Structure formats: structure tokens, C-alpha cells
Amino acid sequence: MSQVNEPIRVRYAPSPTGALHLGGARTALFNYLFARQKGGQFLLRIEDTDRARLKPGSQEQIEEGLQWLRMTWDETPLIQSERQPIYQQAADDLLESGAAYRCFCTPERLAQMRAEQRARHEPERYDRRCRAIPREESDRRAAAGERYVVRQAMPTQGTTTLQDLVMGTVTFRNDTLDDHVLLKSDGFPTYHLAFAVDDHAMRISHVIRGDGWLPSAPKHLLLFQAFNWLPPAFAHVPLVLGPDKKPLAKRHGAKDVLEYREAGYLPEAVDNFIAFLGWSPGTDQDLFTMEQLIAAFDLTKIQASPAVANLERLDWLNGQFIRRLSPDELAARIAPKMPTVPVQTLAPLMPLVQERLRTLNDAPEMLRFFFEEPDGYRPEQLIPKGRDAATTATALTTAATTLGSLTDWAHGVAGRRHRPNGDATADRVDQQARKGHGPGATRTRRAQARRAGLEASRRERPVAPADPGHDVRARDRAELPRVGAGGGIVTRKDDRAAVVDRGDALDDFQLGSIGAARDHHVADSQARARVDRSGNHQRAGW
RNA sequence: GCCCCCAUCGUCUAGCGGCUAGGACGUGGCCCUUUCAAGGCCAAAACGGCGGUUCGAUUCCGCCUGGGGGUACCA
């Protein structure tokens, strides 16, 4: 079915009716990976034969999405609306050979016909009335200016079998095939005609497309046959569903892959994520560079069942990729998210956040205390549980004095000082699940918030809702200006500082929220953030 | 209604007649830890149902059920 020794040429053929969504991006990626692995071409075709649904700017949007995801195409995209005469000619050829015929039925008659078929519980398809019109009469009526469409004349018996690279062998009975329209009365081709004509013209070797096309695949095969053309190989990939098991691209999640860019996702993570929607290399490796994806990709390993997009996995992947960036690279990626901060200022700060980021958009909030005055505390917020105002004031004053005397604020990369991983032995003991709160719950709330933010296409994550009566500290964290998020990374430089932050009154405190300490920080962010880069931050390649 | 596709943990998946059914995300616990993370260890969690074929079925076949898609002068 596929050509022997023909060069590999594939295409992604969106219709410009909107943005590039995750499912479309995946179809494009599968095409792209296949082409690059085989040393073939990856082409673009704009299917804009439906003038009614066309959306201006959509093509640019789709192209930008593809570019962001690092999919580059070869050759100039083919625009179907510019090729009308070619389709006309193709339809004429089919008319001539008897593989198609003119249909003069009005939309009203067709509607009535279908209504009757439905009432009789019969399959709804064209009753082929016009197929019986003699050629001469057909020509005469057309010449007289009567409106018509061109329909494909399907064989009435036998079967058509498709060898699909993903779905396997699929057989259709020809008598169930509809004489569908090839050329509309406005002179534009339908998808079916344009598809066959263009894939032939573009010398496409493999058609990798959504499995929504599977039911019409036999018609397409028959069409190639009618033209006496060698058909391409087919691979119908199952669609991507949203969390509600409904096809993606409709109501939920980001409709446009570019929204993922806005939400702070790395293109490499998104590529990795969508590649694994319905495909798996069959190994345990789950982090892949584009090059590795190209090397590992295998059309025949694509799952035949639809995949549900698990956005939590994308969050995790994104964190993994962020951690693998060099600090400079990370700073460059974060820079657009913090337009008021020069990238050189950002760079030394990266080790403070690199281990904790899940999206780039988390960075401004984590780094905020470097650049902003606190927006004010209510005194009661500063008093830890079990303390009173007086002892708290004393502690804060002591902290301010001690920290204020420090001159060197080198950072030890908190949490990374030779800290052997503990081995947990007494594990299986007492695994009572504490539902509703605890660290896990906090994480879940965050993930939900992140997604909520994505849905709303907002940059800012809404503050996690308080959980009254349960985890007081978690609640406080949510309510306080989130300076505390940076608190822990406030530095400690030597034992002295350590003594201070262990000070009696401070043990339940987030050091970073201490204004005096913060002030000191703000005084000289550069010097202060001389970061220990010897840590675990060089992770080139994996 | 008719046609087509699909069916392993909540999710993505490995499996291609004999496996303690493996991995990942997420979840829970422990460890590490001044916070949040990250990391390490551990745990709970799946072959939709019924019939066949076979010495033996998650795996092959059929039916059912359940999803999904198509059924336009949309792509």
C-alpha cells in the first residue's frame, strides 16, 4: 500500500478555524517525529475550504504554536483555497470517468429525505436519485446554470479494506458507503476531494491523522483508486480526551498550546507530555529530549485506544525539565515573566528556586521578596502560637540586630547541604491515611489552583482557600503575604546565623518574614545572592 | 437507527499463552529537613462481564456491557 523506496513525506493539515490545541499538536508531533526519524519531510497544509468557519489569524496562531513546540516544517505551506481550479479539474476528470456524478437535489429535498429515512429507522444517506441522470442531461442542466454538487459514485457491492498502521485491518462493506459530496455548489471541494488531490500532489507517503477520519478512510481509498493514483499509507491516531473523558479542544483545559507558554510551561515538557499521549517507547525512560523522541518514535507502538490528558503529569514533567536547565538558561526563560528585572539580576538567584519550581510562573512569587517591600503585617500575624507580644518583639529585635551585623550573605542552597537521604525502615507501620489535610493535601490544592489558573488563562495563581479549623499553619501561610514562601531560603551563612534562627522565639517562625532581615536583603540583592553553585545544579544532559 | 474503532491500577502505559501483572503521574506513610519544595525508601491501587479455543488465558475467538467517533454542500 505504501510506496516502495519513495521518500517519506508527511503533513499536518489543520483547518484554520481556531488555535492549535493539545490534540492537534500531538497529531502534528507524531507526523514530525516520524518524518525526522526517517529523514523525510514534514509539511504543512492549510485546509481552508470551508469559508464559513474560517477564522482570520488562525493560521498564524497555529504556526506560532508549532514553532513554540520546536516543530519546524519544510517547504511553504500549501493553501487549499488557492487551488480551486485544480479541484475543479479533478472533479471533471471523475465525472468523465464515471466515478462521480452531478447531483441537482436541493438542500430541502435532502433534509426531507433524511427525515423520512430516520422515521423508517434506515441509515441516513443519499438515495442516489441523481446517479441515474444520463450524462447528456446532466451536462445540459449544468450548462443551463442549474446549481449542482458533484458526488462520488460508490461501488454498491464488495468490501474495502484498509491496512492501518495503528488500527490494523479495517474492513467496510461498500454498500454502507454514502455517495458523499466531492465538490460543493460554491465550487469549493469538500475535505475528501481536496485531501486526495493534495496528498497526491504533495507526494505524501504516510497520512497520520486523527481517527475521526477512519470512517471515511474507505471513501478516500476508493477515491485514490478512481484517480488511478497510488494511495498513501494510513495511520489513524486516537484522539486525546480531557479529564472528563470528553474530547479535548472543546470546553476544558487550554484551548491553545500557547496558553501553556503563558502559564509557564516549557515547550520541551509539553512535547514530552503529548508524545506520551497514546504512545510509549516501551521502556522505563520517561524524560526525553526532542532528539531522543525522534530516535525512539515508532508509529506502530501508538495505542489504539484514546488517551486522557493527565495535566498533573505535565506539571511534574515541567518541573523535571526546569531542574535540568542551566541557571543561566532558566533565568532567560523566567525573564519574560519578570519584565522589570534584568536577566543578569535574575541569574544568581536561580539556584534558590530551581529545585522548587513547577512552572516558570511560580518564580515571580518565590522571588518577590527580593524586589518588593512587604505589604504590611498585622501584629497578631507575627506572634507565633504560644508566645506573647513581648517575647515576640524581643526575638524580632534580636534577630534584626544579629542579622544586621552580617556582612556576608552567601547562600548555602538551603536543603542541599550534604544531607544524606534517610533510609526509612519503619515504613509500613501505621499507614493510616489522613485525608483532607497534611502535606499531600497542600500539594493537591496547589495543583488544583495551578490548573484553575490555567483554565482562566491567568498568570496569577489564586490563593489557596483556607481550610478553617484544620491546619492552622497552612491557613496562615495562605493568608499571609506570601513572603514566607521565600523565607526558608533566606540564608544562613554560618553558625551564628544558625543560632539566631534557632532563637527561642523564632522556632515556629518563617525567618523570611522578618522585616529587618528582609530589609538587609533588599539593600544589596546581588551581593547577598552570591550563591553556592557547587551544589547540585549541573545536570547537563541525561 | 446505521457504520467504524476502542477496553490492564484514578490517569498515561509495559505485557504480545505460563509474569509475585512491571514502570510513571497522582495519592498515603516514613526518612532527610528551620519553611515550602526537591530527593530517597515504602505502601495502597488494574486485567469490565459471560462463553469458547487451549494442559493453561490479561494475552486468541465470539457475544454482552461500557466508552468514543462517523453518519453535512464541516474539517
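Owing to the predicted nature of the structure, the values given are computational and were not obtained by experimental measurement. All chains are named by letter (A, B, ...) in the order of the sequence lines, taking the proteins before the strands, and each is independently numbered beginning at 1.
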- prompt: So what's B:C16 paired with, Watson-Crick or G-U wobble, going by both distances under 3.5 Å?
  reply: none

salt_bridge(A:D199, A:R11) N-O dist < 4.0 Å: yes

statement: When rounded to whole Å, the CG to C1' distance for the pair A:L162 and B:G70 reads 15 Å

message: Closer than 4.0 angstrom, basic N to acidic O: yes or no for A:D186 and A:R51?
response: yes

- request: Please give the nucleotide sitting opposite B:A43 as a Watson-Crick or G-U wobble pair, both distances under 3.5 Å, or none.
  value: B:U27

Salt bridge (charged side-chain N to carboxylate O under 4.0 Å, His left out) partners of A:D179, counting only residues at least two apart: A:R128, A:R131

task: Go through B:C4, B:G68, B:A7 for me and flag the one nearest to the A:F172 side chain.
output: B:C4

query: Looking at A:F104, does the NZ or CZ of A:R147 lie under 6.0 angstrom from its six-membered ring centre and within 45 degrees of the ring axis?
result: no

task: Using a heavy-atom cut-off of under 4.0 Å over every strand shown, decide if A:Q117 touches base, sugar-phosphate, or nothing.
output: nothing

- prompt: Going by the angle between their ring planes, with limits at 30° and 60°, are A:F288 and A:W279 parallel, tilted or perpendicular?
  reply: perpendicular

message: Give me each pair satisfying ring-ring contact (aromatic ring centres under 6.0 Å, His included) with a member in residues 105-131 of chain A, each pair once, sequence neighbours excluded.
response: none

task: Provide, to the nearest angstrom, the distance between the CZ atom belonging to A:R173 and the C1' atom belonging to B:G70.
output: 16 Å

Report each atom pair, protein N/O against N/O of nucleotides 73-75 of chain B, whose distance is under 3.5 angstrom.
residue: B:C73; atom: O2; partner: A:S185; partner atom: N; Å: 2.8
residue: B:C73; atom: O2; partner: A:S185; partner atom: OG; Å: 2.6
residue: B:C73; atom: N3; partner: A:S185; partner atom: OG; Å: 2.9
residue: B:C74; atom: OP2; partner: A:K184; partner atom: NZ; Å: 3.2
residue: B:C74; atom: O2'; partner: A:D50; partner atom: OD2; Å: 2.4
residue: B:C74; atom: O2'; partner: A:R53; partner atom: NE; Å: 3.3
residue: B:C74; atom: O2'; partner: A:R53; partner atom: NH2; Å: 3.4
residue: B:C74; atom: O2; partner: A:R53; partner atom: NH1; Å: 3.4
residue: B:C74; atom: O2; partner: A:R53; partner atom: NH2; Å: 3.2
residue: B:A75; atom: OP1; partner: A:T49; partner atom: OG1; Å: 2.8
residue: B:A75; atom: OP1; partner: A:K184; partner atom: NZ; Å: 2.8
residue: B:A75; atom: OP2; partner: A:Y191; partner atom: N; Å: 3.1
residue: B:A75; atom: O3'; partner: A:E47; partner atom: OE1; Å: 2.6
residue: B:A75; atom: O2'; partner: A:S15; partner atom: OG; Å: 2.9

field: Pairwise P distance for B:G67 and B:C16, with rounding to whole Å
entry: 31 Å

- prompt: Looking at A:R358, does any N or O in its side chain come under 4.0 Å of the phosphate oxygens OP1/OP2 on B:A38?
  reply: yes

statement: Any strand, both distances under 3.5 Å, Watson-Crick or G-U wobble: B:U71 pairs with B:G1

field: Set of residues satisfying salt bridge (charged side-chain N to carboxylate O under 4.0 Å, His left out) with respect to A:R173, sequence neighbours excluded
entry: A:D175

- line: Applying salt bridge (charged side-chain N to carboxylate O under 4.0 Å, His left out) to A:R114 and not counting sequence neighbours gives none

query: Given the P atoms of B:A46 and B:A21, what is the spacing between them in whole Å?
result: 12 Å

message: Quick check on contacts: within residues 118-127 of chain A, what sits under 4.0 Å from RNA chain B by heavy-atom distance?
response: A:H121, A:P123, A:E124

- request: Quickly, which of A:T159, A:T156, A:T160 forms a side chain to side chain donor-acceptor pair (under 3.5 Å) with A:N174? Name it, please.
  value: A:T160

message: Distance check needed: B:U13 P versus A:L287 CG, whole Å only.
response: 17 Å

message: Rounding to an integer number of angstrom, what distance separates B:G66 and B:C25 when you compare their C1' atoms?
response: 25 Å

- request: Write down the distance separating the C1' atoms in B:G51 and B:A14, rounded off to the nearest Å.
  value: 28 Å

query: Now, which nucleotide makes the Watson-Crick or G-U wobble pair with B:G51, with each of the two distances under 3.5 Å?
result: B:C61

statement: Using Watson-Crick geometry (N1-N3 plus N6-O4 or O6-N4) or G-U wobble (N1-O2, O6-N3), each under 3.5 Å, B:U34 is paired with none

